[in-house]
Amino acid sequence: MPAPVALVDCNNFYASCERVFQPELRGVPLVVLSNNDGCVIARSNEAKALGIAIGEPWHMVRERLGAKIPRMRSSNYTLYGDMSARVMRILADFTPDLELYSIDEAFLGLAGFEQRLETHARMLRQRVLQWTGIPVSVGIAATKTLAKVANHRAKKDQACAGVCVMLDGAAIDAELGRLPLTDIWGIAGRLARRLASLGIETPLALKQTDARFIRERFSVTLERTVRELQGWPCIALEEAPPDRKTIIASRSFGRMVTERREMEEAVASYASRAAEKMRRQQLAAGRIMVFVQTDPFRPQDAQYARERVLALPVATADTGIIIVAAHRALGAIWRPEFHYKKAGVMLLDLVKADRVQGGLFDRPDSARSQACMRALDKLNRRFGRDTVSYAAAGVRPGWSMQRGSLSPRYTTNWDELLTVGDTPHQPGRC
DNA sequence: TCTGGGGTCCTAGGACCC
DNA sequence: TCTGGGGTCCTAGGACCC
């Protein structure tokens with residue numbers, strides 16, 4: 001019998017966070033909106049009852065509900081991150097085996113608590129509510145996938161009062177027979193349709209399917225889901241979060257961008273944000289990708305979407321270099337004739353910074369550092385303001401360079417890269 | 001001049017998660 | 001008029017190199 005695992009999930013997390021500090025939002029329909037107040041990303045129970053869907057455009061909600069329009073808040077990720085950290089610190093008091101799964105969810109290994117699972121869970125729930133004001137639901141089962149199912153039940157079934165321990169075989173099967181396939185972790189619309197076409201229409205039917213058959217017809221991932229439904233843990237608790245493999249900074253624009261200069265500023269700021277995130281995680285990037293796209297919701301406009309990947313000469317966490325490289329990548333895909341709705345910067349091939357044996361700057365007065373600073377100056381002059389500060393660019397000693405330890409495929413020429421500021425755009429050339 | 005296999009990289013897209 | 005952002009994993013064709 002494997003140790004039980006709990007999934008703790010904050011109810012309507014973003015909406016609940018807003019309510020903690022704004023009591024007038026309690027008990028009324030409330031939605032939290034995405035960037036530019038574009039669409040709904042969180043709903044209170046009262047808003048769910050109005051039939052508002054996640055991802056529904058805000059303007060459509062307003063049109064549809066007219067006088068019954070819910071309260072709304074623009075999203076505030078700083079607040080949510082802070083509240084999340086507070087909740088997670090409390091959870092850590094309830095188990096030594098904690099996996100922070102997302103901003104509002106955590107898995108808890110409960111080895112040693114087998115005899116008092118329910119009371120333990122109720123204490124946890126009570127303390128989180130009392131100390132943070134955030135209501136949570138707790139689902140406990142033999143595997144992560146089943147803990148998700150139990151959590152779902154804890155949320156939906158009033159009788160559970162927020163906690164559901166699901167360890168009894170008959171009770172599990174009854175629940176799995178009731179749910180749609182898409183309520184199972186890892187199964188969305190496409191997979192559910194493919195399964196249904198084989199006569200597998202409920203999680204219970206999936207559980208009773210031969211796992212090897214599933215691996216052959218689908219994938220090893222879905223096979224794991226089957227075994228997890230059967231009660232065999234296949235997805236381990238990951239207490240130390242794995243390092244990120246990519247970091248993205250992107251935004252939809254509030255209005256169409258048509259000027260290259262405007263796009264350059266946007267991309268520079270995304271590059272800078274992505275690099276900051278990366279340095280916070282002690283990582284360095286081997287490649288950078290920049291993408292731009294028009295508005296797919298305007299079919300009457302000419303559509304265009306391109307991305308350009310650029311290998312950096314060495315893996316680096318240096319904001320200045322990232323910005324210069326992003327600028328260069330943008331030059332390769334920019335076409336003046338389109339109206340752009342979105343752009344972004346992705347950092348790829350991330351490696352531990354301490355294994356890089358150096359980002360770019362061995363000494364601030366090295367030739368390369370000087371070249372980079374000149375490139376930054378050029379960018380700043382071009383944009384007419386301090387787009388990139390040296391401090392933000394991380395121009396400082398602390399990384400010593402050792403080319404020999406780096407992958408030989410990072411062969412881009414720095415001198416070429418750093419002249420980006422004044423090379424005119426040449427189609428097809430990067 | 002013709003033949004071919006294997007490997008990596010780039011670009012693009014799909015499916016899933018929160 | 002108004003349609004999110006940040007992730008993971010996988011697939012596939014073509015370019016290019018050896």
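Just so we're on the same page: letters track the sequence lines, and every chain starts at 1.
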Just compare [options] and give me whichever is closest to any side-chain atom of [X].
| X | options | value |
| --- | --- | --- |
| A/Arg306 | C/dC2, B/dA12, B/dC18 | B/dA12 |
| A/Arg273 | C/dC2, B/dT11, C/dG6 | C/dG6 |
| A/Ile247 | C/dG7, B/dC18, B/dA12 | C/dG7 |
| A/Val309 | B/dC10, C/dT8, B/dC18 | B/dC10 |

Does a nitrogen or oxygen in the side chain of [X] sit under 4.0 Å from OP1 or OP2 of [N]?
| X | N | answer |
| --- | --- | --- |
| A/Arg298 | C/dT3 | no |
| A/Arg255 | C/dT1 | no |
| A/Ser252 | C/dG5 | yes |
| A/Lys342 | C/dT3 | no |
| A/Trp185 | B/dC16 | no |

Does [atom1] belonging to [X] count more than 12 external heavy atoms closer than 6.0 Å?
| X | atom1 | value |
| --- | --- | --- |
| A/Arg217 | CZ | no |
| A/Gln158 | CD | no |
| A/Glu259 | CD | no |

[X] [atom1] to [N] [atom2], straight-line distance once rounded to whole Å:
| X | N | atom1 | atom2 | answer |
| --- | --- | --- | --- | --- |
| A/Leu348 | C/dG7 | CG | C1' | 13 Å |
| A/Arg287 | B/dT11 | CZ | P | 9 Å |
| A/Met289 | C/dG7 | CE | P | 12 Å |
| A/Asn151 | B/dC17 | CG | C1' | 15 Å |

Side chains of A/Glu276 and A/Ser272 in contact at under 4.5 Å (non-hydrogen atoms): yes

Side-chain heavy atoms of A/Val5 within contact of A/Leu146, under 4.5 Å: no

Looking at every strand, decide which applies to [X] at a 4.0 Å heavy-atom threshold: base, sugar-phosphate, or nothing.
| X | result |
| --- | --- |
| A/Leu222 | nothing |
| A/Ile103 | nothing |
| A/Asp37 | nothing |
| A/Leu33 | nothing |
| A/Glu56 | nothing |

Counterpart base for C/dG5, defined by Watson-Crick or G-U wobble contacts under 3.5 Å: B/dC18

